[in-house]
Student: 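Once you've had a glance at the structure underneath, I'll fire off some questions.
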There are 2 protein chains.
Amino acid sequence: MNVEQIIKTGKKIPLESRTIIHFMLVNNKINESISNALKPFDVSLQQFNVLRILKGQNGKPANLSTLNERMVTKMSNTTRLVDKLILKGFVDRIICPSNRRKVEINLTAVGQKELAKMSATMKKVEKSILKKISKQELEQLNNLFNKF
Amino acid sequence: MNVEQIIKTGKKIPLESRTIIHFMLVNNKINESISNALKPFDVSLQQFNVLRILKGQNGKPANLSTLNERMVTKMSNTTRLVDKLILKGFVDRIICPSNRRKVEINLTAVGQKELAKMSATMKKVEKSILKKISKQELEQLNNLFNKF
DNA sequence: GGTATACATTTGTATATACAATTGTTGTAA
DNA sequence: TTACAACAATTGTATATACAAATGTATACC
């Protein structure tokens, strides 16, 4: 992936700017791969993320603020994200009995089943995205990311 | 930046998934910094990118497809992006005399002046984003990004 | 108990983006 | 020269996201 070639510029870009731009280009590519992979399941990356968090709850229901806290990309509107998952039958939402301000969100059986399929697909996509990168380099990347 | 801590999960994440998630977290952080920095100028990152491309043209006008080709994040609707820049007085758009299907987009004097200010701000933001990262590590990052 | 404050979510509204269909223009081949 | 395909941009529409205001509920203080 050559930055200058992709954004079709002749002049060379300062190392700092180049790194940021390069970062964004890789990000675009990753996002595209992932959302393509999720398209057949009719969920966005954000929605997948919510389902995954709910699975991590092991049956314990989550409320909106918990979801928001744990999401990779925090959104300003988790309510409507959940709305869409409800519409698809992947989760259900009830008002929390002990505190009626809160809601309890749970994976449905369908949601669990679909999530399992999505996760398998995601594993493949991750492998394909990272196929040219060694374990050692992955560690290296994680260490570098720590410095941001 | 500790991934597990940020997304508040107890279990450890497989290295591949962790890298992707880590990547997204860094991306969010970068985007936030940049859009905050651009907010005073009332432009989005995409709009800034278009202005920068136009500057790179050195007075030569660009048409929409050229812009699209050179944008870091390709958009499905560059027309309306340009509309917004016109509204702000940063660029103008005329129909290309030699081929009336095309348009010619140019930086205005105001656009040039504002872009200079934005660029100065962006330089600072980049420095601040990358302040903990050495030149050598930047090279390393760029090399790793090449493998995506 | 009544009132103010903080909390958790939802709703309204504006803006951004994606995708497809449409418009207008040019080039080309019968 | 006309009909058709390719091109470049625009428009319509649906969906996504951001931000602020509003709703409803619980808690704390007097």
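Computed over heavy atoms, backbone and side chain alike; hydrogens, waters and symmetry mates excluded. Throughout, protein chains are lettered first and strands after them, A, B, ... in sequence-line order, and every chain is numbered starting at 1.
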Student: Are B/Phe23 and A/Phe23 close enough that their ring centres sit under 6.0 Å apart?
Tutor: yes

Student: Using whole Å, report how far CG of A/Asn99 lies from P of D/dT23.
Tutor: 20 Å

Student: Among the candidates D/dC19, D/dT11, D/dA6, find the nucleotide nearest to the side-chain atoms of B/Thr79.
Tutor: D/dT11

Student: Check for a donor-acceptor pair, side chain of A/Lys84 on one end and backbone N or O of A/Gln47 on the other, with a separation under 3.5 Å.
Tutor: no

Student: Take atom CZ of A/Arg93 and atom P of C/dT9, then tell me their distance rounded to the nearest Å.
Tutor: 10 Å

Student: Using whole Å, report how far NZ of B/Lys102 lies from C1' of D/dT10.
Tutor: 17 Å

Student: If you compare every side-chain N and O of A/Ser65 against the phosphate oxygens of C/dC7 (OP1, OP2), does one of them come in below 4.0 Å?
Tutor: no

Student: If you check the A/Met75 side chain, which of D/dA9, C/dC19, D/dT17 turns out closest?
Tutor: D/dT17

Student: Taking CG from A/Leu45 and P from D/dT15, how many angstroms apart are they, rounded to a whole number?
Tutor: 19 Å

Student: Give the rounded distance in Å between these two atoms: CG of B/Leu81 and C1' of C/dA18.
Tutor: 13 Å

Student: How close or far is atom P of C/dT10 from atom CG of A/Asn63, stated in whole angstroms?
Tutor: 10 Å

Student: Name the residue closer to the 5' end of DNA chain C, choosing between A/Thr78 and B/Ser44 according to the nucleotide with the nearest heavy atom.
Tutor: A/Thr78

Student: From the options C/dT11, C/dT9, C/dC19, select the nucleotide whose nearest atom is closest to the side chain of A/Asn77.
Tutor: C/dT11

Student: Kindly indicate whether the side chain of A/Arg80 and the base of C/dG12 share any N or O donor-acceptor pair separated by less than 3.5 Å?
Tutor: yes

Student: What's the CZ-P distance between B/Arg100 and D/dT10, to the nearest Å?
Tutor: 13 Å

Student: According to a strict under-4.0 Å criterion, is B/Lys74 in side-chain N/O contact with OP1 or OP2 of C/dT17?
Tutor: no

Student: Before accepting this row, confirm whether a basic side-chain N of the pair A/Arg93/A/Glu104 lies closer than 4.0 Å to the acidic partner's carboxylate O.
Tutor: no

Student: Taking atom types as modelled and ignoring hydrogens, do the side chains of A/Thr108 and A/Asp92 form a donor-acceptor contact shorter than 3.5 angstrom?
Tutor: no

Student: Let me know the distance between CD1 of A/Ile95 and C1' of D/dT23, rounded to the nearest Å.
Tutor: 12 Å

Student: Is the distance from OP1 or OP2 of D/dC19 to the nearest side-chain N or O of B/Lys39 less than 4.0 Å?
Tutor: yes

Student: The side chain of B/Leu64 lies closest to which of these nucleotides: D/dA9, C/dT10, D/dA26?
Tutor: D/dA9

Student: Any salt bridge linking B/Glu32 with B/Lys29? Criterion: basic side-chain nitrogen under 4.0 Å from a carboxylate oxygen.
Tutor: no

Student: Please determine whether a side-chain nitrogen or oxygen atom of B/Arg101 lies at a distance below 4.0 Å from atom OP1 or OP2 of C/dG24.
Tutor: no

